[in-house]
Amino acid sequence: ELMLNLQLGIRHAVGKQGPITLDLKSSAFDPKEKVWTRFPPEGSKYTPPHSSCDFRWKDYCPQVFRTLRRLFKVDAADYMLSLCGDQALRELSSPGKSGSFFYLTSNDQYMIKTMKKAEVKIFLKMLRAYYNHVRSFENTLVTKFFGLHCVKLAGANQKKVRFVIMGNLFCSDHFIHRRFDLKGSSLGRTTDKPQTEIDEYTILKDLDLNFIFRLQKHWYQEFQR
């Protein structure tokens, strides 16, 4: 049901395309700049009928994320198809250490991660700086974020599930032969697998990174910038 709720909400959010301007007003970044929409099973004036439970849907800073998707050259129709097709989402088998759950689109382009309330607050505080960074550096290598949403279930439960949609870094035309989870720390940051068992799917850590990278001069200068 949660997966269906996510898809219904995303389809609704992306379908409401409004005017896009790069010079956003301060109000667009206001954490209170959010829109609640109710999705009753029988449908409403603004939402389609569906087979899931009654729920409410929230978009955080919709204008900011709509503009970010434009800056990242994301086609709205492709984005919606990737996330909202019949077989679009699959849940990854185990949650992360943070307790978050992850969904991956079938084309591997997008990842959905559930977030805690405190994480959402911090993310929204960072949003203006993140937006300015993306505007300044078109080829940025930081994670690409495309939307921040919340599903609130109706009834006695009233449970809220907050989640972010981001680009999947491992979706690449290049063959990936080593994968690293780098946190900038050395405490316990080695893999516990013997060398003979390490393959392209093993998640390696900071102290396993024993390479020197050599870049072409203009790539190096751009990377430093």
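Numbers here are sequence positions counted from 1. Just so it is clear, the structure is predicted and the values come from calculations on it, not from any experiment.
Clustering of Ile, Leu, Val, Met, Phe, Trp and Tyr by side-chain heavy atoms under 4.5 Å joins Met126 with Ile122. Using a 4.5 Å cut-off between side-chain heavy atoms of Ile, Leu, Val, Met, Phe, Trp and Tyr, Leu204 falls into a hydrophobic cluster with Phe180, Leu182, Ile198, Leu209, Phe211, Phe213. The hydrophobic cluster analysis finds Leu187 isolated: no Ile, Leu, Val, Met, Phe, Trp or Tyr side chain comes under 4.5 Å of it, directly or through other members. Taking Ile, Leu, Val, Met, Phe, Trp and Tyr as members and joining any whose side-chain heavy atoms lie under 4.5 Å apart, directly or through other members, the hydrophobic cluster of Trp219 also contains Leu141, Leu215, Tyr220, Phe223.
In this structure the side chain of Leu68 never reaches within 4.5 angstrom of the side chain of Lys144, judged on heavy atoms. Using a 4.5 Å cut-off on side-chain heavy atoms (C-beta onward), Ile165 and Ile10 make contact. Contact check for Asn5 versus Leu153: side-chain heavy atoms found under the 4.5 Å cut-off. Counting only heavy atoms from C-beta outward, the side chains of Met115 and Leu148 approach each other to under 4.5 Å. Side-chain contact between Lys58 and Lys152 is absent, with no heavy-atom pair separated by less than 4.5 Å. Residues Leu8 and Pro48 meet the side-chain proximity criterion, which asks for heavy atoms closer than 4.5 Å. In this structure, the side chains of Leu6 and Leu83 stay at 4.5 Å or more apart for every pair of heavy atoms. Side-chain contact between Glu200 and Ile176 is absent, with no heavy atoms from C-beta onward closer than 4.5 Å.
With respect to Tyr60, the side chain to side chain contact (heavy atoms under 4.5 Å, CB included) criterion is satisfied by exactly one of Leu127, Asp30, Leu124: Leu124. If you run ring pair (Phe, Tyr, Trp, His ring centres under 6.0 Å) between Trp57 and each of His50, His149, His12, only His149 comes through.
Shortest non-hydrogen contact noted between Lys160 and Cys150 is CB-SG, 4.0 Å. Residues Asp59 and Ala13 share a closest heavy-atom pair of OD2-CB, 3.1 Å. Taking both residues in full, the closest heavy atoms of Ser106 and Arg90 are given as CA-NH1, 3.6 Å, listed atom of the first, atom of the second, then distance. Scanning all heavy atoms of the two residues, the minimum distance from Ser52 to Leu4 falls at CB-CD2, 3.6 Å. In this structure, Phe39 and Asp54 approach most closely via the heavy-atom pair O-OD1, 3.6 Å.
Between the side chains of Asp199 and Thr202, a donor-acceptor pair is found at a separation under 3.5 Å.
Taking Met80 as the reference, Arg11, Val14, Cys84 meet the side chain to side chain contact (heavy atoms under 4.5 Å, CB included) condition, with sequence neighbours excluded. With sequence neighbours excluded, the residues forming a side chain to side chain contact (heavy atoms under 4.5 Å, CB included) with Met3 are Leu89, Tyr103, listed by chain and number. Under the side chain to side chain contact (heavy atoms under 4.5 Å, CB included) criterion, Asn168 pairs with Leu104, Asp108, Met111, Phe170, Cys171, sequence neighbours left out. Scanning for side chain to side chain contact (heavy atoms under 4.5 Å, CB included) contacts around Thr190 gives Leu207, Asp208, with sequence neighbours left out.
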- Yes or no on ring pair (Phe, Tyr, Trp, His ring centres under 6.0 Å) for Trp36 and Tyr46, after CA distance, side-chain angles and deciding distance? CA-CA 12 Å; Trp36 279 107; Tyr46 304 104; over 10 Å; no
- Item | Residues Asn107, Leu81; criterion side-chain contact (heavy atoms from CB on, under 4.5 Å); working and verdict | CA-CA 10 Å; Asn107 60 9; Leu81 197 62; over 6 Å; no
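In terms of modelled atom types and a separation under 3.5 Å, the side chain of Thr114 and the main chain of Phe101 share a donor-acceptor contact. A donor-acceptor pair is defined here as one N or O able to donate and one able to accept, closer than 3.5 Å; no such pair exists between the side chain of Glu197 and the backbone of Pro194.
Among pairs with a residue in residues 106-135, those fulfilling ring pair (Phe, Tyr, Trp, His ring centres under 6.0 Å) read Phe29-Tyr131, Tyr79-Tyr110, Tyr110-Phe146, Phe123-Phe145, Tyr130-Phe145, His133-Phe137, at least two apart in sequence or across chains. Sorted by first and then second residue, the salt bridge (charged side-chain N to carboxylate O under 4.0 Å, His left out) pairs involving residues 165-176 (not counting sequence neighbours) form an empty list. The salt bridge (charged side-chain N to carboxylate O under 4.0 Å, His left out) analysis of residues 124-141, with sequence neighbours excluded, yields the pairs Asp23-Arg135, Lys73-Glu138. Within the structure, side chain to side chain donor-acceptor pair (under 3.5 Å) contacts touching residues 174-184 (residues at least two apart or in different chains) do not occur.
Note that NZ of Lys159 and CG of Leu2 are 8.0 Å apart. Values are rounded to the nearest 0.5 Å.
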